[in-house]
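So you know, we letter chains A, B, ... as the sequences are listed, proteins then strands, and number each from 1.
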Number of protein chains: 2
Amino acid sequence: MKPLLHPSIEDVTVEGILHALSDPVRVAIYAQIAASSCPQTCSDFLVVTDKEIPKSTLSQHFKTLREAGLIRSERQGVEMRNLSRCLEIEGRFPGLLPGILKAHQIQLGEAARRTKRPA
Amino acid sequence: MKPLLHPSIEDVTVEGILHALSDPVRVAIYAQIAASSCPQTCSDFLVVTDKEIPKSTLSQHFKTLREAGLIRSERQGVEMRNLSRCLEIEGRFPGLLPGILKAHQIQLGEAARRTKRPA
DNA sequence: TCCCGTAGTTCAGAAATAACGAACTATTGA
DNA sequence: TCAATAGTTCGTTATTTCTGAACTACGGGA
């Protein structure tokens with residue numbers, strides 16, 4: 001099995017980051033990894049946004065996030081620990097990730113309000 | 001010909017914005033429209049990032065930006081004037097676009113420095 | 001040591017999306 | 001009315017994404 005690919009921080013591109021986070025499932029995954037202090041496994045996300053995700057699809061999503069430079073994945077025994085590279089990215093592109101995550105939060109809040117008080 | 005579609009600001013999504021700006025050509029177009037005080041036409045972008053873009057492709061790129069809510073396109077005589085909706089978006093997702101545009105600028109600056117002093 | 005269970009990756013075919021040339025529509029000016 | 005300019009739409013081709021099935025990797029018993 002090929003070793004996992006982690007781009008060095010200077011190879012990370014804005015387009016790559018935006019593409020990785022332009023998918024609702026991936027941005028939800030990334031937001032949780034970035035918000036959590038302890039690393040998250042893939043299996044923590046078999047259900048995202050009330051939707052079941054096949055594990056092969058999930059694996060591809062993690063690959064996309066990893067190769068965009070957003071997360072670092074390390075094998076820890078039988079499972080894979082994923083943690084955010086937000087500090088590195090903040091050093092290179094200050095404000096980018098906070099802006100995206102904040103916007104994501106706002107959108108989540110609006111959706112919650114809509115379902116709570118429907119019309 | 002169908003009238004152009006402009007989503008109302010509450011229908012604009014973070015994912016849509018990120019997807020629209022995850023393409024190098026589109027982010028370059030949008031950055032120029034956002035930076036310029038006067039509206040820009042499609043034809044201003046037949047060459048972007050030193051690459052010729054076929055006009056049908058260009059038209060699709062503008063459609064993507066438009067339907068993501070990033071720009072407003074208005075016919076003015078024979079041409080189409082495009083202007084940024086950044087104020088509206090800033091009202092809904094504060095910091096999102098500035099963060100992305102700033103990161104884009106940083107990346108442009110690095111690329112320029114690399115080609116000026118190669119190796 | 002040899003299975004077995006769990007966690008995740010890889011592969012391959014199908015489905016969805018994007019690119020672009022050719023044909024079309026809309027507007028202006030001669 | 002005709003020609004020229006600016007963009008859009010359509011249809012085909014190319015690329016990307018999704019997902020089930022098969023596979024790899026590691027850990028823990030018997």
Side-chain angles (χ1 to χ4, degrees), chain A residues 1-6 13 15-30 32-33 38-68 70-83, chain B residues 1-6 13 15-30 32-33 38-68 70-83:
Chain A
M1 200 170 297
K2 300 155 194 169
L4 302 182
L5 226 111
H6 293 96
T13 67
E15 295 93 315
I17 290 176
L18 298 187
H19 172 254
L21 298 181
S22 69
D23 179 275
V25 171
R26 283 194 299 261
V27 75
I29 292 173
Y30 179 72
Q32 179 164 330
I33 291 176
C38 62
Q40 308 283 298
T41 69
C42 286
S43 310
D44 292 335
F45 300 95
L46 283 170
V47 173
V48 175
T49 325
D50 291 326
K51 228 178 28 146
E52 287 199 24
I53 314 288
K55 66 177 188 169
S56 61
T57 304
L58 207 52
S59 178
Q60 295 298 332
H61 282 323
F62 274 90
K63 185 182 181 190
T64 301
L65 291 171
R66 195 163 50 232
E67 298 188 351
L70 284 164
I71 62 174
R72 191 175 296 281
S73 309
E74 302 171 342
R75 183 174 280 279
Q76 207 97 55
V78 77
E79 62 192 16
M80 201 72 88
R81 301 306 184 81
N82 296 284
L83 41 92
Chain B
M1 200 169 295
K2 300 159 195 167
L4 302 182
L5 224 109
H6 293 95
T13 67
E15 295 93 310
I17 290 176
L18 298 188
H19 172 252
L21 298 180
S22 69
D23 179 276
V25 171
R26 284 196 297 264
V27 74
I29 292 173
Y30 179 73
Q32 180 165 330
I33 291 176
C38 62
Q40 308 283 297
T41 70
C42 285
S43 309
D44 291 336
F45 300 96
L46 283 169
V47 174
V48 175
T49 323
D50 292 326
K51 227 177 28 146
E52 288 200 24
I53 314 287
K55 67 176 184 166
S56 62
T57 303
L58 205 52
S59 177
Q60 295 299 332
H61 282 323
F62 274 90
K63 185 182 181 190
T64 300
L65 291 170
R66 196 161 50 232
E67 299 188 350
L70 284 163
I71 62 173
R72 192 175 295 281
S73 309
E74 303 171 341
R75 184 174 278 278
Q76 207 98 56
V78 77
E79 61 192 16
M80 202 73 88
R81 300 307 184 79
N82 296 284
L83 41 92

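- Within the 4.0 angstrom heavy-atom criterion, base atoms lie near A/Ser59.
- Atom CD in B/Glu74 sits about 16 Å away from atom C1' in D/dG7, given to the nearest Å.
- From B/His19, atom NE2 reaches atom CG of A/Asp23 across 10.5 Å, with rounding to the nearest 0.5 Å.
- One atom, CG of B/Leu5, and another, P of D/dT9, lie 10 Å apart when rounded to the nearest Å.
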Only pairs under 3.5 Å count here: list side-chain donor-acceptor contacts from residues 60-67 of chain A, not counting sequence neighbours, and write none if there are none.
from	atom 1	to	atom 2	distance (Å)
A/His61	ND1	A/Arg26	NH1	3.2
A/Thr64	OG1	A/Gln60	O	3.0
A/Arg66	NH1	A/Ser73	OG	3.2

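- Fit an axis to the five pairs at each end of the helix from C/dT1-D/dA30 to C/dA30-D/dT1 and the two axes sit 10° apart, to the nearest 10 degrees.
- Rounded to the nearest 0.5 angstrom, A/Leu58 CG and A/Leu46 CG are separated by 5.5 Å.
- Rounded to whole angstrom, the span from the NZ atom of A/Lys51 across to the P atom of D/dC18 amounts to 9 Å.
- The nearest whole Å value for the distance from the CE atom in B/Met80 to the P atom in D/dG7 is 7 Å.
- Distance check: A/Leu70 CG to A/Ile17 CD1 gives 5.0 Å after rounding to the nearest 0.5 Å.
- Interatomic distance, CD1 of A/Ile71 versus CE of A/Met80, reported as 10.0 Å (0.5 Å rounding).
- Atoms CG and CZ, from B/Asn82 and B/Phe45 in turn, are 7.5 Å apart once rounded to the nearest 0.5 Å.
- When atom types are taken as modelled, the side chain of B/Glu79 and the backbone of B/Gly77 share no donor-acceptor pair closer than 3.5 angstrom.
- Checking the phosphate oxygens (OP1, OP2) of D/dG7, no side-chain nitrogen or oxygen of B/Arg66 falls inside 4.0 Å.
- Here the C1' atom of nucleotide C/dA7 and the CG atom of A/Leu58 are 11 Å apart, to the nearest Å.
- Listed for the B/Gln40 side chain is a donor-acceptor partner under 3.5 Å among the backbone atoms of B/Cys38.
- Per the geometry, CD1 belonging to A/Ile71 stands 11 Å off P belonging to C/dG8, to the nearest Å.
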Please write out each protein N/O paired with an N/O of nucleotides 17-27 of chain C under 3.5 Å, distance rounded to 0.1 Å.
from	atom 1	to	atom 2	distance (Å)
C/dA18	OP1	B/His19	NE2	3.0
C/dC20	OP2	B/Thr57	OG1	3.2
C/dG21	N7	B/Ser56	OG	3.0
C/dG21	O6	B/Ser56	OG	3.2
C/dA26	OP1	B/Met1	N	3.4

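- One finds the OG1 atom of B/Thr13 at 5.0 Å from the CD atom of B/Glu15 (value rounded to the nearest 0.5 Å).
- Across the protein-nucleic acid pair, A/Asn82 atom CG and C/dG8 atom P stand 8 Å apart, rounded to whole Å.
- The distance between atom NZ of B/Lys63 and atom C1' of D/dC10, rounded to the nearest whole Å, is 11 Å.
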